[in-house]
Amino acid sequence: MFDAVRNNKKIVQVFLVLIALPFAFFGVESFRDGGAGVDVAKVGEVKISQQEFQQAVREQQDRLRGQLGELDPKVLDNPEFRQAILDDLIDQRLLFQEARKRHLFASDDAVRQAIMAVEAFQDNGQFSQQRYEALLSAQGMSPAGFEAQVRQDLALQQLAGTIGRSGIVSQRVTDKVLALQSEARHVQEFVLPVENYVAKVKLEDGAAKKFYDENTEQFRTPDQAKVEYVVLTPESLAVEVSEAEIKAWYDGHKERYQQPEERRASHILIAAEKLGKDKARQKAEEVLREVQAKPAAFAELARKHSDDPGSASQGGDLGFFGRGMMVKPFEDATFALRDGEVSGIVESDFGFHIIKLTGQHVAREKPLAEVRGEIERELKSSAVARKFAEAAESFSNMVYEQSDSLQPVADQFKLKIQRSDWIGREANPAAGVLGNAKLLAAVFSDDTIQNKRNTEAVEVAQNTLVAARIAEYQPASVQPLAGLQATIEKLLVNQEAQKLARADGEARLAALQSGTDKLAWGADKVVSRMDTRLLPPQAAPLVFRMDKSKLPGYAGVDLPGKGYALYRLSKVTPGAALDTARRQGLQGQLRSLAAQQEVAMYLSALRARYKVDVNQKALASSSER
C-alpha cells in the first residue's frame, strides 16, 4: 500500500511542491508575464514565457547539481525533465489564479514566520537580518520583492493545504491496511548454499583464458593522473566600497527606498455566485445592519457570515496590503476609510463586501542609516561581478599563453596551487572541482598529456574557473592473465555452482508442491510487512505473495552468489496490537497518500476549468538552446 507513494513519482512531486514551502529560498516564482519571444504555455490569461521557463530549468538543474553533484547532462536536459518542469509551472499558475479568485491572502505575521524559519537565513539556529539581506542581495533580490513573493506562495499553500486536508481515509480502510501491515507470517527456510556445489564443478581446460580474452575490458586499468590546479572565484577577489559611493548610490536611487502606504483591513464577503446577486445583496444589507449595531463584534460576524474561506476563520483579517493588490472597488473603498471605520456595501466581481479598516502604515522614505548595509552589499556584489569578469578573461589568457606553468597565474591573482591525489577520467562529485566532466576531459586530452601543457580555464560551476596541468601520469593498461588466473577460475566455478544450486532447488520445490516434504526445515521465523529483517531482500516479496488460504505453502528464490532458498509458509496470524506511536505513524502515511491524491485530482479539475495551452513547438525549440 505504502509503496504507492514511492512508485507514483508525479503525485509525490506535485505534493511536495504544493504542500511544502515551495520557495525554499532559491526557487521562488513571481508569476509575472515577461520575457520576449514565443510563449511556451498559457494558463487561463497568464502566460509562461520562454525566459521564465528557461530560468526554471536552470534553477532546477543547479539545485540538482548542488544536491547530487555533477550529473550526466542527459539526465538534466531531456524531454521528460523539461516537461516535468513545465507541468510544475502550470500547476503553480493554476493555483495562483484560483487563490486570487478566492481572495486567499497571507498576513504579515505569517510571512515573517515563514521567512524566519528558512535555514538559509539563520545563524546558529536564529534568524539573522544581516544574513537575510546578504543572501537576497547575492540573488539580485530586494527584501520587499522577496517578501511579496513569499506572501504569494503562502496563499498558494492555503489553497493546496486545504485541498490536501480534504482527503479522508475511512476508519474501515485504515484498520484493514494496518491489519495487513502487521499481519504475522510464520515461515521456515531451507537454504542450498552455493559452496555445497563447488566440488561438483569441473571447468574445461582453458576456460579462464577464454573468459579473459572475451572480457578483456573488465581487466583494464584506466589511465590516471595527479594534477596541479588553481581555482578562481569571486571570493578570491578583494573589493572595497567607500562611504561616498554608498551615499551617491542612495541619492541616485531614492525611489527604491520609498515605503508606500499600506492598509490593514478585515472584511465580510457575501458571494454573489452562491445566492444570486439580488439575494446576496439583501443578505449583505442584513449583515451590515448587524455590524452597525455591534461594531466590536465584526470579527465574530465575519466568522459567522463571510464566504471568504481564506479570511473568515481569522475574523475577516486580510493583513496589510498596498495599492494594486486588491480588486479596484475593494481597494478604493479601503483607502477611503479612517482607522476603525466600517464601509457600506462594496460590490466587486466576487460579491458584496463589508470592510473595516484596522490599521495603516503611512508612506515614508527609509533613511540611509537603515539601508546602508543593503547598499554596501549590493555595490560590493556588482563590483565583484565586474572585477571577476575582467579577471576571468585575464586568467583564461594567462593559462593559455603561459601554458608551461600555473605559477604566473597564481602569482598574478594570489591563488594557491593545489595538488590532487590520483584521479581518473570518470566524473566523481566527491572530487570537488576536479569532479567536473568538462575539466577532466581537458586534463586527459592528448595535448595536456603529451605536451604537458595547462588545460584551458574551465567553468566548473557558476563563477568558478579552474585550470590544471598533469604532474604525474599513468597510462591505461590491461592486467596480465597470470595474475588473474586464480580469481577468474574462482568466479567461473561459483557461477556454475550457482546454476547447480538453482536447478537442485527448483527440483526440490516441484516435489514440495506435489506433496512430498522431507526437508529438514530451519526454525520458525515470524515476519511482517513492517519487519522483514529475518528474510533476504529477494525473498521478502515472495513470502508475502504466497497464498495464505492454502497452507502449507511453498516458494523458492534464487540468491545470486549465495545459492538457492526454499520457504515453507505454515501459519498466518493477526499481528500484535501496534503501539500508539507506530499506529499514528502509519495513519499519517495513509492520510498523506490520500492528500496527494486529492491535490492531483484538484489540479486535474483546475486544468479543465482554466484553459491550458502548451506550445509544443516552442517547448521543443527551447530545449535546443
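With contacts defined as side-chain heavy-atom distances shorter than 4.5 Å, the pair Val241/Ile246 qualifies. Side-chain contact check for Val231 versus Val433: some heavy-atom pair is nearer than 4.5 Å. Taking the side chain as every heavy atom from C-beta outward, Phe330 and His267 approach each other to under 4.5 Å. The shortest side-chain heavy-atom distance between Leu86 and Gln83 falls under the 4.5 Å cut-off. The shortest distance between side-chain heavy atoms of Ser343 and Val346 falls below 4.5 Å. Put simply, the side chain of Phe127 reaches to within 4.5 Å of the side chain of Ile115, judged on heavy atoms. Within the 4.5 Å cutoff, side-chain heavy atoms of Leu237 are placed close to those of Lys387. The shortest distance between side-chain heavy atoms of Val43 and Leu94 falls below 4.5 Å.
A donor-acceptor pair under 3.5 Å is formed between the side chain of Glu245 and the backbone N or O of Ser242. Under a 3.5 Å cut-off, the side chain of Gln282 and the backbone N or O of Lys279 do not form any donor-acceptor pair. Distance alone, capped at 3.5 Å, is enough to place a donor-acceptor pair between the Asp307 side chain and the Ala271 backbone. Distance alone, capped at 3.5 Å, places no donor-acceptor pair between the His305 side chain and the Leu301 backbone. Between the side chain of Asp39 and the backbone N or O of Ala41, no donor-acceptor pair lies under 3.5 Å.
Taken to the nearest 0.5 Å, the OG1 atom of Thr233 stands 9.0 Å off from the CG atom of Asn463. Of the inter-residue distances, the one linking Ile354 atom CD1 with Gln292 atom CD reads 8.0 Å to the nearest 0.5 angstrom. Residue Asp339 holds its CG atom at 11.0 Å from CZ of Arg264, rounded to the nearest 0.5 Å. Taking CG from Leu606 and CD1 from Ile90, the interatomic distance works out to 12.5 Å, rounded to the nearest 0.5 Å. Atoms NZ and CZ, from Lys328 and Arg323 in turn, are 8.5 Å apart once rounded to the nearest 0.5 Å. Rounding to the nearest 0.5 angstrom, the gap separating the CD atom in Gln113 from the CE atom in Met116 is 8.5 Å.
When every heavy atom of Trp249 is checked against every heavy atom of Glu378, the shortest pair comes out as CZ2-OE2, 3.6 Å. Nearest heavy-atom pair, Val111 versus Glu147, reported as atom, atom and distance to 0.1 Å: CG1-O, 4.0 Å. Here the closest non-hydrogen pair linking Val287 and Ile268 is CG1-CD1, 4.0 Å. The minimum heavy-atom distance between Ala284 and Phe352, with the atom names listed, is CB-CB, 3.8 Å. Residues Leu288 and Gly344 share a closest heavy-atom pair of CD2-CA, 4.2 Å. Of all non-hydrogen atoms in Ser313 and Arg303, the two that sit nearest each other are O-CD, 4.0 Å.
Side-chain contact of Glu52 with Ser49: a donor-acceptor pair under 3.5 Å is present, judged by distance alone. For the residue pair Glu331 and Thr334, no side-chain donor N or O sits within less than 3.5 Å of a side-chain acceptor on the partner.
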Query - Check against side-chain contact (heavy atoms from CB on, under 4.5 Å), Ser266 and Phe298 - result: CA-CA 8 Å; Ser266 296; Phe298 190 96; 3.7 Å; yes
**Report entry** side-chain hydrogen bond (donor to acceptor under 3.5 Å, both in side chains) between Ser311 and Gln314, intermediate numbers included
**Finding:** CA-CA 5 Å; Ser311 67; Gln314 306 299 319; over 6 Å; no
Requested in this report: Show your working on side-chain contact (heavy atoms from CB on, under 4.5 Å) between Val612 and Lys42 and close with a plain yes or no.
Outcome: CA-CA 6 Å; Val612 177; Lys42 185 176 181 183; over 6 Å; no
Query raised in the report: Gln462 and Thr464: side-chain contact (heavy atoms from CB on, under 4.5 Å), yes or no, with the steps?
Result: CA-CA 6 Å; Gln462 186 174 10; Thr464 302; over 6 Å; no
**Report entry** Asp88 vs Gln92, side-chain hydrogen bond (donor to acceptor under 3.5 Å, both in side chains): CA-CA, chis, key distance, verdict
**Finding:** CA-CA 6 Å; Asp88 282 346; Gln92 291 173 25; 5.8 Å; no
Report task. Evaluate the criterion side-chain contact (heavy atoms from CB on, under 4.5 Å) for residue pair Val291 and Lys356; output intermediate values, then yes/no. Result -> CA-CA 10 Å; Val291 171; Lys356 181 178 181 180; over 6 Å; no
Report task. Take Ser348 and His353 through the side-chain hydrogen bond (donor to acceptor under 3.5 Å, both in side chains) test and state the conclusion after the steps. Result -> CA-CA 8 Å; Ser348 76; His353 309 262; 2.7 Å; yes
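Taking the ring centroids of Phe395 and Phe388, they lie at or beyond the 6.0 Å cut-off.
Salt bridge present: Glu261 and Arg263 bring a charged side-chain N and a carboxylate O closer than 4.0 Å. Of the charged side-chain nitrogens involved, at least one lies within less than 4.0 Å of a carboxylate oxygen, so that Asp87 and Arg607 count as a salt-bridged pair. Lys277 and Glu347 are joined by a salt bridge, as a carboxylate oxygen and a charged side-chain nitrogen come within less than 4.0 angstrom of each other.
The 12-atom threshold is not exceeded at CD of Glu393, counting heavy atoms of other residues, nucleotides or ligands nearer than 6.0 Å. Within 6.0 Å of atom CG in Asp349, 12 or fewer heavy atoms from other residues, nucleotides or ligands are found, so the atom counts as exposed in its surroundings. Residue Glu370 qualifies as enclosed at atom CD: its count of foreign heavy atoms under 6.0 Å is above 12.
Geometric assessment of Arg372 against the ring of Tyr250 yields a negative cation-pi assignment under the 6.0 Å and 45° thresholds.
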